[in-house]
Protein chains: 2
Amino acid sequence: MYKNLRNHIESIVPLTDEEYTLVSSYFKIKFFKKHQFMVTEGELTSYNYYLVSGLTKLVYTDASAKQHILAFAMEDWWDTDYQAYFTQTKATLSLECLEDTQALCITLSDFHELCGALPKMERFFLEKVTRGFLASQRRILSLLTTSVQERYEQLIVQHPALLQRVPKTQIAAYLGVSREALSRLGPK
Amino acid sequence: MYKNLRNHIESIVPLTDEEYTLVSSYFKIKFFKKHQFMVTEGELTSYNYYLVSGLTKLVYTDASAKQHILAFAMEDWWDTDYQAYFTQTKATLSLECLEDTQALCITLSDFHELCGALPKMERFFLEKVTRGFLASQRRILSLLTTSVQERYEQLIVQHPALLQRVPKTQIAAYLGVSREALSRLGPK
DNA sequence: ATGAAATCGTGACCGATGTCACAGGCTGTA
DNA sequence: TACAGCCTGTGACATCGGTCACGATTTCAT
């Protein structure tokens, strides 16, 4: 079972059936409904989630209650408050479902155990984290160099499905502008 | 030799003398002068650099020749155009020395060989990349949530030495504002 | 020492964006 | 049906930051 996860891992490192059985034994499936929190600000973050289906947002809420979206995640993405997860401290971010979501989750200690038991998985995660790091750098660059309009147009090109599933308010919170500013450049 | 590197690695995974001898055999030392490019936009990026001493900036130059600084790096930091390095494609960033710099460098194929020969090093790099990823996420959040002034003040607190070594123009290019805007909020 | 280049502050002007307010449309629920 | 809550667009206004221009000072290389 969990063919999704197996395909996902095997896109980077091949696994035998026995190996995958071992891998999957470390994961537990969880179901969440729209508006539920998978990670809650101020609480400990027990799990790293691999999303089987659904849609989530990773959010920071600032002092004036304004929301800033670090990332959306959907099928085949990994997501959690990594800072809190890896350091086992209280979350500063929240991970909230924008749709009903199924996820496979793993604790930090199981994560380490798994890497120890199967070095291939360490390679897999190294590759994954590296890609995440590169994506973050691209995002920083895009925040530094491009206008809101350019970022919006790129988002439309790269994730057209998102716009159908997420209200503009949230898109604005992801792009780093107010809802109104985003609305103004739409009609043009 | 290269005690820096050994201490750096051992802050995460302990090494025997033999292991470290093996590790260091994969690295080559290089010397650069101020204004030299360690990575040049448009060219292939052969190396990942561990900085022994000196100071560098990782820069993107946009269509209108404006510079945007992704990161400064100094002693004990790793630096290169990772996108270009890991995918072995032409660099879109430049890595330029702001001071004379010594660095230990490793090719991508040697990097993979080293990880294969010594799984500990895979763990080390996983840890390193993870921290880099977390730092990037913090930077994104700070770009989304804080004003130029706040970012400037945080930079002063976190890296006071930088301000002594780097002209304000470059600081501005790192913070994501014009030189003039940064100058205006200095006297406060 | 001398000239060229870099650094830095400052003023004027203007476009982009945040904030606040209002209105219409849509959806879900009692 | 009726209501409440979201989502979206739009206008008015103030502010922030970009751009251009100027000049003073410092740094650097010849």
Side-chain angles (χ1 to χ4, degrees), chain A residues 33-37 55 57 59-69 72 96-100 141-156 161-188, chain B residues 32-37 55-57 59-69 72 94 96-100 141-156 160-188:
Chain A
K33 298 213 160 177
K34 187 170 175 174
H35 294 134
Q36 253 192 293
F37 287 83
L55 180 62
K57 65 175 177 181
V59 177
Y60 174 74
T61 306
D62 69 19
S64 51
K66 202 186 300 177
Q67 292 205 339
H68 306 268
I69 297 184
F72 294 108
E96 183 181 348
C97 297
L98 298 175
E99 302 176 357
D100 292 359
L141 213 49
S142 123
L143 287 170
L144 287 179
T145 64
T146 70
S147 68
V148 177
Q149 174 154 2
E150 285 172 288
R151 267 177 272 155
Y152 185 45
E153 286 165 359
Q154 284 191 2
L155 186 66
I156 293 174
L162 252 194
L163 300 173
Q164 313 307 319
R165 298 164 76 178
V166 175
K168 295 261 175 80
T169 309
Q170 317 263 18
I171 302 286
Y174 174 80
L175 294 176
V177 283
S178 69
R179 178 186 72 77
E180 293 91 335
L182 183 61
S183 172
R184 278 190 278 253
L185 49 84
K188 185 155 22 159
Chain B
F32 299 90
K33 297 215 160 175
K34 186 171 175 172
H35 294 133
Q36 254 192 292
F37 287 83
L55 180 62
T56 66
K57 63 174 177 182
V59 178
Y60 173 74
T61 306
D62 69 19
S64 52
K66 202 187 299 178
Q67 293 204 340
H68 306 268
I69 298 182
F72 294 107
S94 292
E96 182 181 349
C97 297
L98 298 175
E99 301 176 356
D100 293 358
L141 214 49
S142 123
L143 287 169
L144 287 179
T145 64
T146 69
S147 68
V148 176
Q149 176 155 358
E150 284 173 290
R151 269 177 270 156
Y152 185 46
E153 285 165 0
Q154 284 192 2
L155 186 65
I156 293 175
L162 252 194
L163 301 174
Q164 312 308 319
R165 298 164 76 178
V166 174
K168 295 262 175 79
T169 309
Q170 318 261 17
I171 302 286
Y174 174 81
L175 294 176
V177 284
S178 68
R179 178 187 72 76
E180 293 91 335
L182 182 63
S183 173
R184 279 191 277 254
L185 49 85
K188 195 170 13 177

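Worth knowing before you read on, the calculation uses all heavy atoms, side chains too, and leaves out hydrogens, waters and symmetry mates. Throughout, protein chains are lettered first and strands after them, A, B, ... in sequence-line order, and every chain is numbered starting at 1.
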According to a strict under-4.0 Å criterion, is B:Lys168 in side-chain N/O contact with OP1 or OP2 of C:dG9? yes
Rounded to the nearest 0.5 angstrom, the CD-NE2 distance for A:Glu99 and A:His35 is 10.5 Å
Ignoring the backbone of A:Ser183, work out which of D:dT10, D:dG17, C:dT7 is nearest its side chain. D:dT10
With rounding to the nearest 0.5 Å, note down the distance linking CG in A:Asp100 to NZ in A:Lys33. 6.5 Å
Treating primed atoms plus P, OP1 and OP2 as sugar-phosphate and everything else as base, which nucleotides of nucleotides 21-30 of chain C get B, S or - for protein heavy atoms under 4.0 Å? B---------
Measure CG/B:Leu163 against P/C:dC8 and give the value in whole Å, please. 10 Å
Base, sugar-phosphate, or nothing: which does B:Thr169 touch, judged by heavy atoms less than 4.0 Å apart? sugar-phosphate
Nearest whole Å is fine: how far is D:dT19 P from B:Asp62 CG? 10 Å
Audit row: A:Asp62, B:Thr146, side chain to side chain contact (heavy atoms under 4.5 Å, CB included) steps and yes/no: CA-CA 10 Å; A:Asp62 69 19; B:Thr146 69; over 6 Å; no
Could you check how far CD of A:Gln67 sits from P of D:dC6, rounded to whole Å? 12 Å
Kindly give the heavy-atom pair with the smallest separation between A:Arg151 and A:Ser142, and that separation in Å. CG-OG, 3.4 Å
Result for 5'-nearest mapping on DNA chain C, choosing between A:Gly176 and B:Gln170, is B:Gln170
From the options B:Lys57, B:Gln67, B:Arg165, select the one residue that forms a side-chain hydrogen bond (donor to acceptor under 3.5 Å, both in side chains) with B:Gln170. B:Lys57
Measure NZ/A:Lys34 against C1'/D:dC6 and give the value in whole Å, please. 10 Å
Take the protein atom CG of A:Leu182 and the nucleotide atom P of D:dT10, then report the distance between them rounded to whole Å. 12 Å
Take the protein atom CD1 of A:Ile171 and the nucleotide atom C1' of D:dC6, then report the distance between them rounded to whole Å. 16 Å
If you check every side-chain atom of A:Arg184, which of D:dT10, D:dA12, D:dG17 has the closest atom? D:dA12
In whole angstroms, how far is the C1' atom of C:dG11 from the CG atom of B:Leu185? 16 Å
In whole Å, what is the span from the CG atom of A:Leu175 to the P atom of C:dG18? 11 Å
Do A:Glu153 and A:Gln149 meet the criterion of a side-chain donor-acceptor pair at a distance under 3.5 Å? yes
Between A:Thr145 (side chain only) and A:Leu141 (backbone N and O only), is there a donor and an acceptor less than 3.5 Å apart? yes
Student check: side-chain heavy atoms of B:Val166 and B:Leu163 closer than 4.5 Å: no
Classify the nucleic acid contact of A:Ser178 as base, sugar-phosphate or nothing, counting any heavy atom under 4.0 Å across all strands shown. base
If only side-chain N and O atoms of A:Lys66 are considered, is one of them under 4.0 Å from the OP1 or OP2 phosphate oxygen of C:dT19? yes
Students should find that the end-to-end axis angle of the helix from C:dA1-D:dT30 to C:dA30-D:dT1, with five pairs defining each axis and rounding to 10 degrees, is 50°
State, with a plain yes or no, whether a side-chain heavy atom of A:Leu144 is found less than 4.5 Å away from one of B:Ile69. no
Could you point out which residue of B:Val177, B:Leu155, B:Ile156 forms a side chain to side chain contact (heavy atoms under 4.5 Å, CB included) with B:Ile171? B:Leu155
